[in-house]
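Note sheet for the following structure.
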Amino acid sequence: MPELPEVETIARGLDSRVAGDVIESVWLGSKPEPLKSPAREIVATLESKRIAGVRRVGKHIVFDLENGGRASSAKKTHKTARASKLAPTSQWIVHLGMTGRMLVCPPEEEIAKHTHAIARLASGRELRFVDPRRFGRLSVSSGFEAQGSEPLDVEPARFVSLFRGRKTPIKSALLNQKLLSGVGNIYADESLFRARVRPRRRAASLTRDELGRLYQTVQEVLKEAIALGGSSISDYVDSDGEEGFFQLQHRVYGREAEPCLVCRTPVKRVVIAGRSAHYCPKCQK
DNA sequence: AATGAAACCTGACAGC
DNA sequence: TGCTGTCAGGTTTCAT
């Protein structure tokens with residue numbers, strides 16, 4: 001479901017709504033657990049922690065946690081204050097997979113099917129993790145870092161070097177989170193269309209010019225999508241339940257057989273490394 | 001080392 | 001109505 005623009009939208013929404021709130025208790029669903037860290041560790045890390053802020057790293061939502069829940073804040077001596085400052089900050093890491101949602105709900109709201117985790121907040125509200133396909137993952141960390149470069153921060157030279165010598169199709173390279181963190185199927189196709197590069201081209205075969213264009217279009221597409229709140233295809237909504245509008249700007253993704261918006265040639269859909277890829281056979285070389 | 005296919009899940013939708 | 005097949009915003013694992 002969510003790529004960088006959707007996760008960015010969700011993280012911003014969560015930050016504005018729950019930053020400063022305190023997690024009082026945590027419920028984790030049983031059965032096949034969508035957990036990367038042991039359940040005990042997750043519960044222990046979250047409970048009675050204050051949410052300092054929420055941000056996006058790649059396609060991950062990161063809740064920065066700090067001590068300051070009731071128990072510890074009520075009686076804080078200078079000694080414990082200093083200790084908590086020195087203690088490594090902990091983080092709650094959420095990956096939404098294809099269908100995950102992280103919602104802020106009033107407690108009386110009915111528990112949706114496929115709800116796998118609930119964090120009850122001191123304000124009375126609940127953070128609920130809902131994920132029908134169970135591809136999403138929850139974990140805790142104390143020094144989470146993206147595995148690849150942030151597409152919106154990467155230097156042009158670094159961007160170019162990511163693809164040097166790679167025989168894999170440029171489309172697959174864009175989806176490789178260890179190179180760039182955050183680009184997914186929609187935005188890879190849309191960026192390649194705007195850069196006029198075919199998705200199956202070997203990454204190493206792109207000219208300096210083409211890589212320069214791709215650098216520009218990746219950033220352009222992601223920024224435009226963030227500005228429109230992401231792409232809602234079937235069920236993406238942000239933490240407020242609001243849909244995004246970038247799907248109205250898609251030029252090739254999901255437009256198989258429809259006319260290219262530039263030259264009217266029918267858009268092609270092919271499968272590359274198991275993912276569908278959409279492109280204009282005339283505009284993209 | 002790197003590339004691709006299969007696996008992991010559930011749900012929606014098209015076609016018969 | 002209901003069955004079958006296909007597809008879906010992602011990642012990991014297992015063969016080549």
Side-chain angles (χ1 to χ4, degrees), chain A residues 1-11 29-37 56-61 93-102 112-117 129-139 144 146-148 151 162-192 199-205 218 221-222 224-226 228-239 242-257 269-278:
Chain A
M1 170 218 264
E3 304 181 34
L4 185 152
E6 291 77 32
V7 180
E8 178 71 29
T9 302
I10 292 165
S30 47
K31 301 290 172 57
E33 299 167 17
L35 308 179
K36 243 178 161 174
S37 308
R56 175 196 64 76
V57 173
K59 293 177 189 170
H60 301 266
I61 301 169
I93 311 297
V94 178
H95 193 292
L96 299 172
M98 291 275 255
T99 53
R101 295 180 178 190
M102 183 60 75
K113 195 178 175 185
H114 305 303
T115 297
H116 306 306
F129 175 63
V130 183
D131 181 21
R133 288 180 73 180
R134 295 173 180 271
F135 288 171
R137 290 291 178 268
L138 306 180
S139 60
F144 185 77
Q147 336 170 55
L162 292 176
F163 305 109
R164 191 165 294 147
R166 297 196 177 263
K167 293 183 204 151
T168 195
I170 184 65
K171 167 75 186 277
S172 303
L174 286 172
L175 294 181
N176 183 343
Q177 300 298 297
K178 288 175 181 158
L179 300 180
L180 285 177
S181 297
V183 178
N185 211 30
I186 294 175
Y187 301 105
D189 280 2
E190 293 298 317
S191 302
L192 286 167
R200 225 191 278 278
R201 285 272 303 282
R202 304 280 133 182
S205 79
V218 165
V221 162
L222 293 175
E224 285 178 26
I226 290 170
L228 293 181
S231 301
S232 290
I233 303 274
S234 61
D235 59 359
Y236 158 74
V237 289
D238 67 14
S239 62
E242 297 290 328
E243 296 189 340
F245 294 97
F246 191 73
Q247 67 279 8
L248 303 174
Q249 305 298 319
H250 293 176
R251 299 184 189 174
V252 285
Y253 186 85
R255 296 192 65 247
E256 180 182 13
R269 174 183 169 277
V270 296
V271 174
I272 299 173
R275 312 294 305 278
S276 64
H278 310 73

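Predicted model only: the values in this text are computed from it and were never measured. Atoms considered below: every heavy atom in the structure, side chains included; atoms not considered: hydrogens, waters and symmetry mates.
- In the set C/dT12, C/dG9, B/dG11, B/dG11 carries the atom at the smallest distance from any side-chain atom of A/His114.
- Contact annotation for A/Phe246: no contact, since no heavy-atom pair falls under 4.0 Å across all strands.
- Scanning for salt bridge (Lys or Arg N to Asp or Glu O under 4.0 Å) contacts around A/Arg201 gives A/Glu210, with sequence neighbours left out.
- For A/Arg275 and B/dA5, the shortest distance from a side-chain N or O to OP1 or OP2 is not below 4.0 Å.
- In this model, a side-chain donor or acceptor of A/Arg133 finds a partner on the base of B/dC9 within 3.5 Å.
- With pairs defined as Watson-Crick or G-U wobble and both atom distances under 3.5 Å, the stems of at least three pairs that touch DNA chain C come out as B:2-8 with C:10-16, B:10-16 with C:2-8.
- With A/Asn185 as the fixed residue, the side-chain hydrogen bond (donor to acceptor under 3.5 Å, both in side chains) test singles out one of A/Glu190, A/Glu3, A/Lys171: A/Lys171.
- The listed nucleotides are C/dA8, C/dG10, B/dT3; the one nearest the side chain of A/Phe135 is C/dG10.
- Scanning atom types as modelled, no donor and acceptor separated by under 3.5 angstrom connect the side chain of A/Arg166 and the base of B/dA2.
- Using a 3.5 Å distance cut-off with no hydrogens or angles, the side chains of A/His278 and A/Asp189 do pair a donor with an acceptor.
- By the side-chain contact (heavy atoms from CB on, under 4.5 Å) test, A/Lys113 pairs with no residue at all, sequence neighbours left out.
- A/Gln147 places no side-chain N or O within donor-acceptor distance of the main-chain N or O of A/Leu179, the cut-off being under 3.5 Å.
- Within the 4.5 Å cutoff, no side-chain heavy atoms of A/His116 are placed close to those of A/Leu138.
- Of the listed nucleotides (C/dA8, B/dC9, B/dG11), C/dA8 has the atom at the smallest distance from the side chain of A/Arg269.
- A/Thr115 contributes no side-chain N or O that, together with a main-chain N or O of A/Val130, makes up a donor-acceptor pair within less than 3.5 Å.
- Minimum atom distance to the side chain of A/Arg134 is reached by B/dC9, of the listed B/dG4, C/dG9, B/dC9.
- Proximity of A/Lys59 to the phosphate of C/dG10: a side-chain N or O atom is located under 4.0 Å from OP1 or OP2.
- At the heavy-atom level, A/Pro5 lies nowhere under 4.0 Å from the strands shown.
- Among the heavy atoms of the strands lying under 4.0 Å from A/Lys113 are primed sugar atoms or P, OP1, OP2 only; no base atom is included.
- Of the listed nucleotides (C/dA8, B/dG11, C/dT11), C/dA8 has the atom at the smallest distance from the side chain of A/Tyr253.
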